[in-house]
Amino acid sequence: MSLQSSVTQAISNLYNQEIPESQVQLQKTKKEFEGHLTLVVFPLLKISKKNPEQTAEETGKYLKQNVPAIADYNVIKGFLNLTISPDHWLELLNEIHADADYGLTKAGENAPLVMIEYSSPNTNKPLHLGHVRNNLLGFSLAEIMKANGYKVVKTNIVNDRGIHICKSMLAWKKWGEGASPESTGKKGDHLIGDFYVLFDKRYKEELRVLEFQGLKKEEAEAQSSLMAEAREMLRQWEAGDPETVQLWSMMNSWVYSGFDETYKRMGVDFDKIYYESETYLTGKEQVMGGLQKGIFYEKEDGSVWADLTADGLDNKLLLRADGTSVYMTQDIGTAKLRFDDYPINKMVYVVGNEQNYHFQVLSILLDKLGFEFGKGLVHFSYGMVELPEGKMKSREGTVVDADDLIEEMVQTARQTSEELGKLDNCTKEEADHIVEIVGLGALKYFILKVDPKKNMTFNPKESIDFNGNTGPFIQYTHARIQSVLRKAAEQGIALPEKVQPGLPVSTKEEELIQSVAAFKDIVREAGEVYSPAVIANYIYELVKEYNQFYHDFSILREENENLKIFRLVLSKNIGKVIRSGMALLGIQVPDRM
RNA sequence: GGUCCGGUAGCUCAGCUGGAUAGAGCAACAGCCUUCUAAGCUGUGGGUCUUGAGUUCGAAUCUCAACCGGAUCACCA
C-alpha cells in the first residue's frame, strides 16, 4: 500500500472524511529537518477543524501506530515529518535490485502507438547545431515514450524538393560539373552545401551588377538570369524531365550518405523516412477532397483556402492559384500517408518554436479532415540555439556545423583524457571508444539538460566543460561504480539476490535509496511533459548524491560483511539507474574511463 | 498592433500541479591525492526570483497590468 493511501486512510479514520489521494502532499523532507517524507497539513485543516500542530500530531501518531513502514514522526509548524523504518528502505532496494529494467515499462500488444517526427533536414546543406538539438531531443523523446510503454515509430520527413535544391544543382552544372564526393574527398552533404553557398555568392554578384546599372533591388531580383534558370530547373523537375531528375537523385544520394554518417555518429536513427517529393501530391488530393466536402473554399483566382476564423485564427492558403502546393499542403499529405502506413494513436512533431503557428493550424486542419490524431497532435516545440555573438546566420558564416562540432568535442575529450592519464592502460581501440562516448556524451547532455522550450546559448569554446553538471561527470561516476563492482568480484564477493534486513543503514544511504526509487516517477513525468531535461537533471542530482556518499563511506573496506554487500548492491543499482537514465537520453556510459 | 514563449547569483541553468531559510555548476578564494578512479570531495563569498498590484494562513510558482528579450502573424519551407 502506498504511503499516500495510508494517509488518506488515516484522515478518514481520524476525521470521518474521505479525501482524494491527490490532495495528499507528500514531499521529500528538507535536509535541515529530521525525516524522509513531509506531509503538508495545511490543506487538511478544513477537514480536521483543528490547528496545524494538532492535526499534524494526530495524523503522525496514527501513522506511526498503524503503518509499519513509518518508524517515527515529528511536527514543525504545519509540517509533519515522517521517518521511514530502515527495513522498509531495504525492502525497497530489494525490489529495485530484483527488477532488471527498473522504472522502464515495456510496450504490450495493445500499447498505443506514437509516431515521432524529428530531424527533417533540407537536402541542400549539411546538418548544423539547430539540427543537433532537434535530433537529440527527438531520439531521446522516443526512448522516453518507449519507457512509458508506448510503441514508437521514429520518422523523418526529408525536404528533398524545391527551389533550394535546384540552386545547388544549377551551381554544380555551371561551375563544378564532374565534382563528386569521391573526386573531392568531401562528405556528400558538405559538397552540396558548398554549391548552394556558391550559387548564393554568384547570385549576389549578379544583383550587384544589375543594381549598378541603375535597377532597383526588386527589379534586379526579377531580372536575375541565375534565379530564372533555377526556377526553370524546378519546372523541369516537376515536369519529370529525365536529365534533371537524374541529376537531382544523384545529388540527393550524395547528401543522404553524408547525413547517414552524421546520424550514425550521433547515434540516432529512424524506422521510416518520408520524402516530400513523394508526399506533396497526396497533400493536394487531400485538400481537393476537403474542398469537395465543403471544409475548404476556393477563391476566384482558383486558390484554395481554409477559413479558421471560427477557431480564432486567420484564413490559410492551401493551394496556390496555379495549383502548386505549399508547406501546409505537404504536411497534410505526409500525415495521410503515415496514417495509411501505421495505426497512429498519437503524433509528435519535433520542430522548432518558430513554427508554433503552423502546427496550431495543422492540428485544426487534420482534425477537420478527420484524422484521429489531429486534435491531439503534439508539437514538441523547442527554442533556438544561439551563439554568444547572437543567432547563427548562414549568410555570415556563423553556422556551427554538426560534423565539425562533434569532431571538436571528441578531440577535446581525447586531449583532456590524455592530460589526466585516463587512457594510459587502454588499448587504442578502447581509448578511441571511450573518447567517442565521452565527447558525444558531453555534447548531448549539455543540450538535453536545458528545458527544450527555452532558447539556449551555446558557446563552443567555453560552454562545454567536463566538470560539474555534465555528461562526462555522470559517465565518470558510472565508470567508478563499475570499477568497485569489478574489484568486489575479484575479491570473490558475490552479490546476493536480496540484502538481509536489520542493517545499520545510515541516513545518507536511505536518501540514496529514496532517490533511486524516484526514477520510476521521473520517467513517467518526463513522458508527460515531453522533456528529456527532467531525466537529465534527475540523474545529475542522483550522481552528485552518490559521489558524496562515495567519498564519505568505505564500500570495499567496510568491516561488516553484510553492510559491505548492502553498499555494493546499492552502488550496483545506482549504476543501473544511471545507465537506464542516460540511455533515455541516448547517451552511452562507459565501464571505465 | 494580435497571438505565443521566455526574464531566477557575474555566466550557464534547476526549482514553477502554491509550502519551511530560493538551489546546482562554472568563474573567484581556501582546503583535501601512501585509503575502492582528484573528470572528484569539503568550505567561503555571491540574490529586490524584471517591476507593481491581487488571490492566499503561505507566492519564484497562480491572476492581472507594465517593462525587457525572442518567435510568429508569407501564394518561403
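Just so we're on the same page: letters track the sequence lines, and every chain starts at 1.
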* For the pair A:Phe446 and A:Phe458, name the ring-plane relationship: parallel under 30°, tilted 30 to 60°, perpendicular over 60°. =>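 Perpendicular: the ring planes of A:Phe446 and A:Phe458 meet at over 60°.
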Tell me the interatomic distance from [X], atom [atom1], to [N], atom [atom2], rounded to whole angstroms.
X        : N     : atom1 : atom2 : answer
A:Phe473 : B:C41 : CZ    : C1'   : 10 Å
A:Tyr382 : B:C4  : OH    : P     : 22 Å
A:Tyr538 : B:G15 : OH    : P     : 16 Å
A:Lys46  : B:U56 : NZ    : P     : 11 Å
A:Leu362 : B:C4  : CG    : P     : 20 Å
A:Leu317 : B:C75 : CG    : P     : 6 Å
A:Gln355 : B:C5  : CD    : P     : 17 Å
A:Asp311 : B:G2  : CG    : P     : 21 Å

* What string of B, S and - do you get for nucleotides 16-26 of chain B, 5' to 3', when a contact is any protein heavy atom under 4.0 Å? -> ---BB---SSS
Can you check whether [X] has a side-chain N or O nearer than 4.0 Å to OP1 or OP2 of [N]?
X        : N     : value
A:Arg480 : B:A39 : no
A:Arg320 : B:C76 : yes
A:Ser554 : B:C36 : no

Under 3.5 Å donor-acceptor pairs involving side-chain atoms of residues 318-327 of chain A, not counting sequence neighbours:
{"from": "A:Arg320", "atom 1": "NH1", "to": "A:Thr324", "atom 2": "OG1", "distance (Å)": "2.8"}
{"from": "A:Arg320", "atom 1": "NH1", "to": "A:Ser325", "atom 2": "O", "distance (Å)": "3.3"}
{"from": "A:Asp322", "atom 1": "OD1", "to": "A:Thr324", "atom 2": "N", "distance (Å)": "3.0"}
{"from": "A:Asp322", "atom 1": "OD1", "to": "A:Thr324", "atom 2": "OG1", "distance (Å)": "2.7"}
{"from": "A:Tyr327", "atom 1": "OH", "to": "A:Gln355", "atom 2": "OE1", "distance (Å)": "2.4"}

* Watson-Crick or G-U stems involving RNA chain B, each at least 3 pairs long, distances under 3.5 Å, ordered by first number -> B:1-7 with B:67-73, B:10-13 with B:23-26, B:28-32 with B:40-44, B:50-54 with B:62-66
* Asked: So which of residues 322-337 of chain A are in contact with RNA chain B, with a heavy-atom cut-off of under 4.0 Å?
  -> A:Val326, A:Tyr327, A:Gln330
* **Qualifying residues under side-chain hydrogen bond (donor to acceptor under 3.5 Å, both in side chains), relative to A:Ser120, sequence neighbours excluded** => A:Glu117
* **A:Glu419: partners by side-chain hydrogen bond (donor to acceptor under 3.5 Å, both in side chains), with sequence neighbours left out** => A:Gln415
* To do: Determine the interatomic distance between C1' on B:G52 and the same-named atom on B:U12; round to the nearest Å.
  => 29 Å
* Taking atom C1' in both B:C62 and B:U56, what distance in whole Å separates the two? ->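 Their C1' atoms lie roughly 10 Å apart.
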* Which label fits B:C33, syn or anti, where anti is any glycosidic angle not within 90° of 0? -> syn
* Establish, yes or no, whether a centroid distance under 6.0 Å links the rings of A:Phe359 and A:Tyr349. => yes
* Under 6.0 Å between ring centres, would you say that holds for A:Tyr275 and A:Tyr256? -> yes
* Give, for atom CD of A:Glu238 and atom CZ of A:Arg161, the distance between the pair rounded to the nearest 0.5 Å. => 5.0 Å
* Donor/acceptor link under 3.5 angstrom from A:Thr477 side chain onto base of B:A39 -> no
